[in-house]
Number of protein chains: 2
Amino acid sequence: MSTGSQKNISRGLEDLGKIGERKSLGQHVFENLKGAIVKGDIPPGGRLIESRLAETLGISRTPVREAIHKLEREGYLRKLSRGGFSVLGLSLEDVEETFGIRGVLESYAARLAAQNHRKTDLKPLEKKIKLYQKHLDCKDLDALPDINTEFHDLLYALSRSPKLIHMINNLRDQIYRFRQLILRDEKMAKMSNEDHKDMLERIRQRDADGVERLVRDHLTRGKKAVMDSYDELE
Amino acid sequence: MSTGSQKNISRGLEDLGKIGERKSLGQHVFENLKGAIVKGDIPPGGRLIESRLAETLGISRTPVREAIHKLEREGYLRKLSRGGFSVLGLSLEDVEETFGIRGVLESYAARLAAQNHRKTDLKPLEKKIKLYQKHLDCKDLDALPDINTEFHDLLYALSRSPKLIHMINNLRDQIYRFRQLILRDEKMAKMSNEDHKDMLERIRQRDADGVERLVRDHLTRGKKAVMDSYDELE
DNA sequence: AGTTTCTTGTATACAGTATACAAAACAGAC
DNA sequence: GTCTGTTTTGTATACTGTATACAAGAAACT
């Protein structure tokens with residue numbers, strides 16, 4: 001067969017290019033349940049019933065079972081004595097640990113951003129702040145956790161330290177869970193964007209000490225909000 | 001669990017909504033190979049080697065084998081004595097049969113379109129003619145079969161006869177194979193759009209007899225082009 | 001004629017999923 | 001406290017889809 005035809009076969013089959021990305025059904029279920037937990041769609045305390053999930057999804061219990069057990073192993077669910085599984089909240093220890101590490105890593109990332117950024121680097125951050133404000137003004141609080149995350153991702157990126165970014169991202173899911181908790185409160189949501197504006201200004205002024213302090217204060221306030229919401233649950 | 005949480009679980013899992021659409025790997029391969037054959041990316045006479053395809057796709061021979069055998073059963077491939085499979089062209093009988101049936105069904109659909117259409121119905125057809133012309137002017141002949149197909153689909157739709165449309169669509173793949181053969185030739189491609197413009201005008205004038213004649217002539221010319229290209233292959 | 005290469009056919013193993021039945025725990029009635 | 005029914009998970013088995021190894025057949029080459 002001529003090479004022309006060979007190329008056409010390749011082109012005709014380009015839709016199969018995703019073959020390498022094949023995942024089992026159980027893996028799909030796992031990823032989606034995890035995402036729902038992390039985003040708060042299935043809140044802490046929420047109960048999951050294996051047979052009900054399978055029925056809802058129109059699949060057998062086997063892949064659901066596989067997914068649920070993996071989530072249990074990874075600390076997202078705990079087995080209930082009365083049947084089913086419950087979504088675990090993050091413990092107070094988790095809060096202390098996560099915000100502690102964030103305080104160190106993110107303030108350092110901000111410091112590096114203040115020192116290393118180029119002028120044009122700040123435009124995407126400005127855009128995120130504006131987008132956040134727009135959604136906030138419309139009372140669209142559900143959109144804020146994602147936009148907030150994007151703002152912080154951009155900030156981390158300005159550190160130009162892949163290892164640091166990687167370390168912060170190890171906490172990504174816990175951070176997101178806290179974020180969606182904090183940003184449910186409109187007042188906290190407003191303060192958050194004010195903090196972001198202040199951070200951006202300190203970075204622009206190349207005030208490394210100043211932005212580091214702001215980031216620490218930002219996280220301290222966030223941590224307190226989480227602790228307060230835990231008190232409300234008790 | 002409150003119904004609110006139940007709703008959130010459903011929302012969190014909406015990505016799994018496509019579960020019902022699961023297909024085996026072999027089915028994916030089958031559909032993509034068939035598509036490539038129908039579109040002419042793998043032309044008649046093209047040779048397919050099971051083990052080579054598997055290697056190219058990065059999968060085992062088993063799903064490829066399943067797909068190839070299904071294509072053979074459905075008349076797209078034939079087994080070669082020297083190994084591998086060859087893409088079947090459509091036989092002269094296929095040509096006669098397909099264009100014969102098209103002549104009857106599509107001219108009737110056009111007749112109905114002339115009688116039944118509303119003024120605004122013709123705008124999408126005008127758009128397709130313009131789009132076709134644009135691509136033709138740029139010598140982008142590869143895009144023409146799809147646009148041509150969309151034009152005819154819109155025309156069939158104006159018949160407002162679901163059973164008729166369904167019957168025409170039973171020949172959809174053969175029709176497409178002829179179409180990409182015919183429209184390779186720039187002169188034929190030009191004449192095709194002129195025919196479309198004439199058809200649209202006859203429809204606009206509610207000239208049922210006229211448009212029926214035009215459609216028959218259009219198909220007669222197309223059939224001749226296919227026959228001529230078969231002569232060239234011998 | 002013999003050997004090598006190419007390609008498909010076939011068999012077996014394994015992973016993933018569906019489904020049926022068993023087991024355990026809880027709720028309610030008496 | 002006992003019994004029954006319900007709910008839910010645990011376990012076993014069957015089936016499908018896929019990967020892979022080896023056999024078989026045909027063509028090409030020497």
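Chain letters run A, B, ... following the sequence lines, proteins first and then strands; every chain starts at 1.
In plain terms, the two heavy atoms of A:Ile165 and A:Ala157 that are nearest each other are CD1-CA, 3.9 Å. Smallest separation of non-hydrogen atoms from A:Leu92 and A:Met227: CD2-SD, 3.8 Å. Considering every non-hydrogen atom in both B:Ala110 and B:Val215, the closest pair reads CB-CG2, 3.6 Å.
The footprint of chain B on DNA chain D, defined by a heavy-atom cutoff below 4.0 Å, extends from D:dG17 to D:dA27.
Note on A:Thr62: a base of the nucleic acid sits closer than 4.0 angstrom, heavy atoms only.
C:dG16 atom P lies 15 Å from atom CZ of A:Phe30, rounded to whole Å. The distance from atom CD1 of A:Ile49 to atom P of C:dA25 is 16 Å, rounded to the nearest whole Å. Look at CD on A:Gln27: it is 16 Å from P on C:dA15, rounded to the nearest Å. Atom C1' of nucleotide C:dT7 and atom CD of B:Glu55 are separated by 13 Å, given to the nearest angstrom. Rounded to an integer number of Å, the gap from CD of B:Glu50 to P of C:dT7 is 11 Å. Atoms CZ (B:Arg61) and P (C:dT7) sit 11 Å apart, rounded to a whole Å. Put simply, NE2 on B:His69 is 8 Å from C1' on C:dG9, counting in whole angstrom units. Across the protein-nucleic acid pair, B:Arg65 atom CZ and C:dT8 atom C1' stand 6 Å apart, rounded to whole Å.
The phosphate of C:dA18 has OP1 or OP2 within less than 4.0 Å of a side-chain N or O from B:Arg22. A close approach under 4.0 Å does occur between a side-chain nitrogen or oxygen of B:Lys79 and OP1 or OP2 of C:dG9.
For the pair B:Asp173 and B:Arg177, the salt-bridge criterion is not met [side-chain N within less than 4.0 Å of a carboxylate O].
The nucleotide whose nearest atom lies closest to any side-chain atom of A:Arg82 is, among C:dT7, C:dT17, C:dC26, C:dC26.
At most 12 non-hydrogen atoms from other residues, nucleotides or ligands lie less than 6.0 angstrom from CD of B:Glu97. A 6.0 Å sphere centred on CD of B:Glu55 holds no more than 12 heavy atoms belonging to other residues, nucleotides or ligands.
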Ignoring hydrogens and angles, write down the donor-acceptor pairs under 3.5 Å from the side chains of residues 143-150 of chain B, residues two or more places apart or on other chains.
unit_1: B:Asp146; atom_1: OD1; unit_2: B:Tyr176; atom_2: OH; d: 2.6
unit_1: B:Asn148; atom_1: OD1; unit_2: B:His152; atom_2: NE2; d: 3.4
unit_1: B:Asn148; atom_1: OD1; unit_2: B:Arg179; atom_2: NE; d: 3.0
unit_1: B:Asn148; atom_1: ND2; unit_2: B:Ser192; atom_2: OG; d: 3.3
unit_1: B:Thr149; atom_1: OG1; unit_2: B:Pro145; atom_2: O; d: 2.7
unit_1: B:Thr149; atom_1: OG1; unit_2: B:Arg179; atom_2: NH1; d: 3.0
unit_1: B:Glu150; atom_1: OE1; unit_2: B:Lys128; atom_2: NZ; d: 2.8

